[in-house]
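Just below is one structure, and these are the notes that go with it.
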Number of protein chains: 2
Amino acid sequence: MLKLTKRTEYGLIALTHLAQRQGEVVPAREIGDHYPIPRRLLAEVLKDLCNADLVASTRGAHGGYALVRPAQELSLGEIVSALEGAPTVSSCGDENLLHGENSCDVQPICPIRSPLVKIKDKIWQMMLTTSLASLAEPHKPYRSLASQTQANGLVKSSIKSP
Amino acid sequence: MLKLTKRTEYGLIALTHLAQRQGEVVPAREIGDHYPIPRRLLAEVLKDLCNADLVASTRGAHGGYALVRPAQELSLGEIVSALEGAPTVSSCGDENLLHGENSCDVQPICPIRSPLVKIKDKIWQMMLTTSLASLAEPHKPYRSLASQTQANGLVKSSIKSP
DNA sequence: AATTATCGGCACTACTTGAGTGCGGATTGA
DNA sequence: TCAATCCGCACTCAAGTAGTGCCGATAATT
């Protein structure tokens, strides 16, 4: 439903925490102590971040995790990719496109494929150009899009209640 | 997993089709004939679009659906809202926020709430400022974000395979 | 050498959501 | 009357998400 998973949420919490102690090795236990996150799941998430080379792990006593790069050089896109795969918008926008521009199951007359790809690209662009640091800083403006007025008169009572 | 549903995909197909015959009443059957979409599902989607007042329905023989507004004044955000609810990014970004800024289940010490809201807002802003018409037009540029370079050196081999 | 704290990997259950379908009823034009 | 259309309810099936359990491997401390 166009939402990030809990894994990503927990990952962002963990990475933000690691960013505050940049370079230091922090055990997962410490992160788990600070936030109401299931410890076991947090460990799972950190493992994935480690496999994606976003954090480095040290084993044994006094072990833990540390950011590999400073938060300014960590993009939201990388984090999301590591924890739930690159964002796709629908069937058409899947990794099919990454491997040769066809194999869409709605192939011959799909007037929507291009639009879906556009949407996916927009979201993806945003994520690649958004750093972890900019998300963590509370007062950073992000109004680059708010000035656009392509379509207007929107957002009436059309919000569907869950 | 941060993707739009099939419902939205089918909805965009239908709306694009209706846009091409702007004002005319088009039966769902005609749309179903043109694209490989399960007819029954398409009807479901059109019903939702009708309930959201994005299309108008005419019953009886020679009935069908028609766009209520021109495609230039239909935002992607409205369509997504009608078909799968307003986009949320995670538990924190839910409709809780719409009703008074608290009741987040990770309340007191959640350094990630603000970031998640930022992400949601960015996506939502993009959708509200993107019209159906701009998605349907094949050659429309949408590079307003591509020039940004907050974070760089990204998208290495960190794309997780499904 | 034993202990303890940490990460690593496998596999499993329960729950939620999404995709798709069936059926009969109501409305309207021919 | 008949046929084409929209309308509404409810249901199954598959896939993804959240969360947990267990035990082994590693390394510092004692």
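Residue numbers begin at 1 in each chain, while the letters A, B, ... track the order of the sequences.
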ask   = Thinking salt bridges, do A:E9 and A:K3 make one under a 4.0 Å N-O criterion?
value = no
ask   = What is the nucleic acid contact for A:A28, judged by heavy atoms within less than 4.0 Å: base, sugar-phosphate only, or nothing?
value =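 Result for A:A28 = sugar-phosphate.
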inquiry  = Filter on side chain to side chain donor-acceptor pair (under 3.5 Å), then keep only pairs touching residues 21-31 of chain A, sequence neighbours left out; what's left?
reply    =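 Found A:H17-A:E30, A:R21-A:E24, A:R21-A:E30.
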Figure out the [atom1]/[atom2] separation between [X] and [N], and round it to whole Å.
X	N	atom1	atom2	result
B:L83	C:dT17	CG	C1'	16 Å
B:K3	C:dT17	NZ	P	16 Å
B:D33	D:dT5	CG	P	9 Å
A:E30	C:dA5	CD	P	16 Å
A:E9	D:dG19	CD	P	9 Å
B:R39	D:dC7	CZ	P	18 Å
B:L41	D:dC13	CG	C1'	13 Å
A:L4	D:dA18	CG	P	10 Å

request  = Kindly say if A:Y10 contacts the phosphate of D:dG19, meaning a side-chain N or O under 4.0 Å from OP1 or OP2.
outcome  =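 Indeed, a polar side-chain atom of A:Y10 lies that close.
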request  = Ignoring backbone atoms, test whether A:H62 places a side-chain nitrogen or oxygen under 4.0 Å from the OP1 or OP2 oxygen of D:dT29.
outcome  =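 Answer is yes, contact under 4.0 Å.
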request  = State plainly whether one hydrophobic cluster holds both A:Y35 and A:L12, where clusters connect Ile, Leu, Val, Met, Phe, Trp and Tyr through side-chain heavy atoms under 4.5 angstrom apart.
outcome  =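 Same hydrophobic cluster.
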ask   = Atom CD1 of A:I13 and atom CD1 of A:I37: how far apart are they, to the nearest 0.5 Å?
value = 3.5 Å
note = When every non-hydrogen atom of B:L41 is compared with those of B:Y10, the smallest separation belongs to CD1-CE1, 3.6 Å
request  = Go through the side-chain N and O atoms of B:E84 and B:T5 and say whether any donor and acceptor fall under 3.5 Å apart.
outcome  = yes
task = Could you list the residues that satisfy salt bridge (Lys or Arg N to Asp or Glu O under 4.0 Å) with A:R59, not counting sequence neighbours?
result =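 Salt bridge (Lys or Arg N to Asp or Glu O under 4.0 Å) list for A:R59, sorted by chain: empty.
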ask   = Where along nucleotides 8-16 of chain C does protein come under 4.0 Å, by heavy atom, of base (B) or sugar-phosphate alone (S), with - for untouched nucleotides?
value = SBB------
